[in-house]
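The structure under discussion appears below in the form of C-alpha cells.
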Amino acid sequence: MNAALPTATAHALPLQALDPAQWLRAKPLLDENWIHAHPALARALPVVLARDVGQDWHKAGTFRHHLLGVTRTLQLWQQPEDVKLLGLLHSVYGNAFVDLVKFDASSERSQLAALVGEPAEQLVYEFCVLSRAQFVQKVLAGAIEPDGAVLLNHQGAPRRVEPYTVAAFIIVSMADTIEQWFSWQDDIFSSFPQVPQRPQKAHWMASLWPGPMRPSGRMLSQIASLGLALQHPGLQGLLPMPPVFANCTRGLSAAADAAAASLYWSVIQQDQPLTDLDVATGVLEQAVQLNPWVGEPQMVLAQLYLSAGRDADALAAADSALQCFSQWGNAWDKRVQWDAWVAWTRILQQHARNGNWPERLDKLNNVALRPE
C-alpha cells in the first residue's frame with residue numbers, strides 16, 4: 001500500500017495576517033450609501049447620477065457601478081479628495097476607450113469645476129483627453145523623467161504630464177482596471193495597452209458578452225507593474241501608496257498571473273476530482289503560491305479546509321482573503337460583487353473560529369453572520 005501523502009499546512013503558503021486598521025477602513029464601505037459620509041463626493045454624485053450613468057452599460061455592470069467601485073477603492077487607498085473625485089468622474093468627458101460622454105468638454109468644464117474645484121476638474125479633463133494607452137505604455141516601459149513627469153504626444157505636439165498628475169493617473173488606472181477587467185476584456189482588448197484591430201465577425205465567440213466571466217489571466221501583473229512605477233524617486237511621497245502588492249513593492253509575473261487564474265478556475269469549473277478534497281485543495285494552494293495578492297482563491301481554499309476539518313488552516317486562509325478584499329475594495333472574480341465575497345469570507349472566518357462548519361450540505365443554506 002502506498003504511504004499517505006503529507007498534508008501541507010496553510011502556514012507554508014504566502015498568506016497575509018488580517019490588519020485590523022485595514023479592515024476597519026473597508027467595513028464602512030460595505031454600506032451602499034457610504035459615499036454620503038464624504039461631503040465632496042456626496043455633492044458630486046447626484047450631478048453625475050442625473051446624467052443617467054445608472055442606465056449605461058459598462059463592462060461587468062453599469063457605469064454607475066463602475067464609477068462608485070473605482071471611487072471605493074480610492075477611498076480604501078486613502079487618496080486625497082481630488083484623486084477620489086477623479087475616480088468618480090474619470091470618464092465623464094469621454095475617452096478613447098468608451099463613447100460615454102456625460103459632460104461636454106467644450107462647454108461644461110466650468111460647470112464641473114464649480115462643483116468639484118479646478119484642480120480636480122483639471123485632472124478629470126486630462127485623464128479623458130490624453131491618450132491613456134500611450135500613458136500606460138510609457139509607464140510600463142519605465143519612460144518616466146527623473147523628476148517623475150511623463151512626456152506624451154498629444155495631437156501631434158509634445159505634452160508634459162506633471163509628476164503629481166502622473167502619480168494620480170497611475171493610481172486611478174490601477175483602481176479602474178481592477179474594478180472592470182475580466183475574461184471578456186482579456187479577449188476583446190487582448191494585449192492592452194497595445195490592442196490589435198481584429199474583425200469582430202471572425203471572433204464572434206469572443207464578442208459574446210459577458211462570456212464565462214473568468215477572472216482576468218493577465219491584468220493583475222500589469223496592475224502590479226503600474227504600482228511598482230510609483231516607487232520612482234520622482235513619484236514617491238506625492239500620494240499615499242496603495243496597500244496592494246505589499247504597498248506596491250512587489251511584482252507579479254505574467255506567467256504567474258496566468259497560471260494562478262487558470263488553476264483557480266479549474267477548481268471553480270469542477271475540473272478536478274469531486275469525491276475527495278485533496279486534488280482541488282492542492283491546486284488552489286498552488287494558485288495561492290503563484291499569486292497571493294487576491295482573496296478569492298484563498299477564500300475558496302478556506303472553505304475546502306473547513307470541509308476537511310482543518311479549522312486553524314481555514315482561519316489563516318480566511319483572514320488572508322479578508323485582508324486582500326480589504327486592500328482592493330473590488331472583486332477579482334466578478335461573478336459576484338465585492339461585498340458578497342467579503343460576506344462569505346466572514347462566514348468562513350466565523351465558523352473556523354468556532355469549529356462548527358455544517359456537516360450536512362443542506363445546512364449551508366442556514367449559515368448566518370453573528371454579531372462581532
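Quantities reported herein were computed from a predicted structural model and do not represent experimental measurements. In this chain, numbering begins with 1 at the start of the sequence shown. Quick note: numbers below take in every heavy atom, side chains included, and nothing from hydrogens, waters or symmetry partners.
Atom CG of Asn354 sits in a crowded spot, with more than 12 heavy atoms from other residues, nucleotides or ligands closer than 6.0 Å. Other residues, nucleotides and ligands contribute over 12 non-hydrogen atoms within 6.0 Å of the CD atom of Gln269. Within a 6.0 Å sphere centred on CZ of Arg25, heavy atoms belonging to other residues, nucleotides or ligands number more than 12.
When the options Val48, Leu89, Leu45 are evaluated for a side-chain contact (heavy atoms from CB on, under 4.5 Å) with Leu67, the one that passes is Val48.
In the model, Asp311 has no side-chain atom that pairs as donor or acceptor with a side-chain atom of His351 under 3.5 Å. No hydrogens or angles considered: nothing links the side chains of Gln22 and Gln327 as a donor-acceptor pair under 3.5 Å. A donor-acceptor pair shorter than 3.5 Å can be found between the side chains of Gln75 and Lys84. Under 3.5 Å, the side chains of Tyr93 and Glu126 contain no donor-acceptor pair of N or O atoms. Side-chain polar atoms of Gln303 and Trp344 form a donor-acceptor pair below 3.5 angstrom. A side-chain donor-acceptor contact under 3.5 Å links Tyr305 and Glu285.
Rounded to the nearest 0.5 angstrom, Ile347 CD1 and Leu306 CG are separated by 11.0 Å. Atoms CG and CG, on Leu140 and Leu226 in that order, are 5.0 Å from each other to the nearest 0.5 Å. Taking CD from Gln350 and OG1 from Thr345, the interatomic distance works out to 12.5 Å, rounded to the nearest 0.5 Å.
When side chains are defined from C-beta on, Trp338 does not count as touching Trp328, because their heavy atoms never get closer than 4.5 Å. Contact annotation: the side chain of His203 never approaches that of Asp187 to less than 4.5 Å [non-hydrogen atoms, C-beta and beyond]. Between Leu235 and Pro163 there is a side-chain heavy-atom pair separated by less than 4.5 Å. Under the 4.5 Å side-chain criterion, counting only non-hydrogen atoms from C-beta, Phe169 is not in contact with Val139. With a 4.5 Å cut-off on side-chain heavy atoms, Lys363 and Val367 do not count as touching. In this structure the side chain of Leu18 reaches within 4.5 angstrom of the side chain of Gln349, judged on heavy atoms. Side-chain contact between Ile171 and Leu74: present, with at least one pair of heavy atoms (C-beta onward) separated by less than 4.5 Å. Between Trp34 and Thr71 there is a side-chain heavy-atom pair separated by less than 4.5 Å.
Under the 3.5 Å distance criterion, the side-chain polar atoms of Ser131 are matched with a main-chain donor or acceptor of Gln134. The main-chain N or O of Leu220 is found under 3.5 Å from a side-chain atom of Asp257 such that the two form a donor-acceptor pair. A donor-acceptor contact shorter than 3.5 Å links the side chain of Thr281 to the backbone of Leu277. Judged purely by atom type and a 3.5 angstrom limit, Arg72 uses its side chain to pair as donor or acceptor with the backbone of Gly329. Side chain of Asp82 to main chain of Leu123: no donor-acceptor pair is present (N/O by atom type, distance under 3.5 Å, no hydrogens or angles). Counting only distance, with no hydrogens or angles, the side chain of Ser207 and the backbone of Trp204 share a donor-acceptor pair below 3.5 Å. When atom types are taken as modelled, the side chain of Asp104 and the backbone of Ser106 share a donor-acceptor pair closer than 3.5 angstrom. In this structure, the side chain of His90 engages the main chain of Gly87 through a donor-acceptor pair within 3.5 Å. A donor-acceptor pair under 3.5 Å is formed between the side chain of Gln137 and the backbone N or O of Pro193. At distances below 3.5 Å, not a single donor-acceptor pair connects side-chain atoms of His36 with backbone N or O atoms of Ala42.
The two atoms that bring Trp357 and Ser307 nearest to each other are NE1-OG, 3.8 Å, heavy atoms only. Scanning all heavy atoms of the two residues, the minimum distance from Gln79 to Pro240 falls at NE2-O, 2.9 Å. Nearest heavy atoms, Ser326 versus Leu76: O-CD1, 3.1 Å. Contact between Val47 and Arg51 at its shortest, heavy atoms only, is O-CG, 3.5 Å. For the residue pair Val70 and Asn330, the shortest heavy atom distance occurs at N-ND2, 4.3 Å.
Between Asp56 and Lys102, at least one side-chain N (NZ, or NE/NH1/NH2) sits under 4.0 Å from a carboxylate O, which counts as a salt bridge. Residues Glu179 and Lys334 are not paired through a salt bridge, judged by the lack of any N-O separation under 4.0 Å between the basic side chain and the carboxylate.
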| task | Go through Ser173 and Phe127 one step at a time and tell me if the side-chain contact (heavy atoms from CB on, under 4.5 Å) criterion holds. | result | CA-CA 10 Å; Ser173 294; Phe127 196 80; 4.0 Å; yes
| task | Before giving the answer on side-chain contact (heavy atoms from CB on, under 4.5 Å), spell out for Thr62 and Val53 the whole-Å C-alpha distance, their side-chain angles and the decisive distance to 0.1 Å. | result | CA-CA 7 Å; Thr62 66; Val53 296; over 6 Å; no
| query | How far apart are the C-alpha atoms of Asp319 and Gln323, what are their side-chain angles, what is the distance that settles it, and do they pass the side chain to side chain donor-acceptor pair (under 3.5 Å) test? | reply | CA-CA 6 Å; Asp319 280 353; Gln323 175 69 6; over 6 Å; no
| query | Which is it for Val267 and Leu263 under the side-chain contact (heavy atoms from CB on, under 4.5 Å) test, yes or no, and what are the steps along the way? | reply | CA-CA 7 Å; Val267 175; Leu263 290 168; over 6 Å; no
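Within the structure, salt bridge (Lys or Arg N to Asp or Glu O under 4.0 Å) pairs that include any residue of residues 336-349 comprise Arg346-Glu372 (at least two apart or interchain).
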When the side chains of residues 242-256 are checked against the rest of the protein, which donor-acceptor pairs come out under 3.5 Å, sequence neighbours left out?
from, atom 1, to, atom 2, distance (Å)
Thr249, OG1, Ala246, O, 2.7
Ser253, OG, Ala256, N, 3.0

Donor-acceptor pairs are to be reported for all side-chain atoms of residues 291-299 against protein atoms at under 3.5 Å, with residues two or more places apart or in another chain.
from, atom 1, to, atom 2, distance (Å)
Asn291, OD1, Trp293, N, 3.1
Glu296, OE2, Trp332, N, 2.7
Glu296, OE2, Asp333, N, 3.0
Gln298, OE1, Ser320, OG, 2.4
Gln298, OE1, Ala321, N, 3.3
Gln298, NE2, Pro292, O, 3.1
Gln298, NE2, Val294, O, 3.3

Donor-acceptor list for residues 212-219 side chains, cut-off 3.5 Å, not counting sequence neighbours:
from, atom 1, to, atom 2, distance (Å)
Ser216, OG, Asp186, OD1, 2.9
Ser216, OG, Asp186, OD2, 3.3
Ser216, OG, Arg218, N, 3.2
Ser216, OG, Met219, N, 3.0
Arg218, NH1, Asp186, O, 2.7

Donor-acceptor pairs under 3.5 Å, side chain of residues 143-161 to any protein atom, not counting sequence neighbours: which ones?
from, atom 1, to, atom 2, distance (Å)
Asp147, OD1, Ala149, N, 3.0
Asp147, OD2, Arg160, NH1, 3.4
Asp147, OD2, Arg160, NH2, 2.4
Asn153, OD1, Gly156, N, 3.2
Arg160, NE, Glu162, OE1, 3.3
Arg160, NE, Glu162, OE2, 2.8
Arg160, NH2, Glu162, OE1, 3.3

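Partners of Trp77 according to the ring-ring contact (aromatic ring centres under 6.0 Å, His included) rule, which considers only residues two or more places apart in sequence or in another chain, do not exist here.
In this structure, Phe192 has its ring center under 6.0 Å from that of Trp181.
Remark: Arg109 qualifies as a cation-pi partner of Tyr125 under the 6.0 Å distance and 45° angle criteria applied to the six-membered ring.
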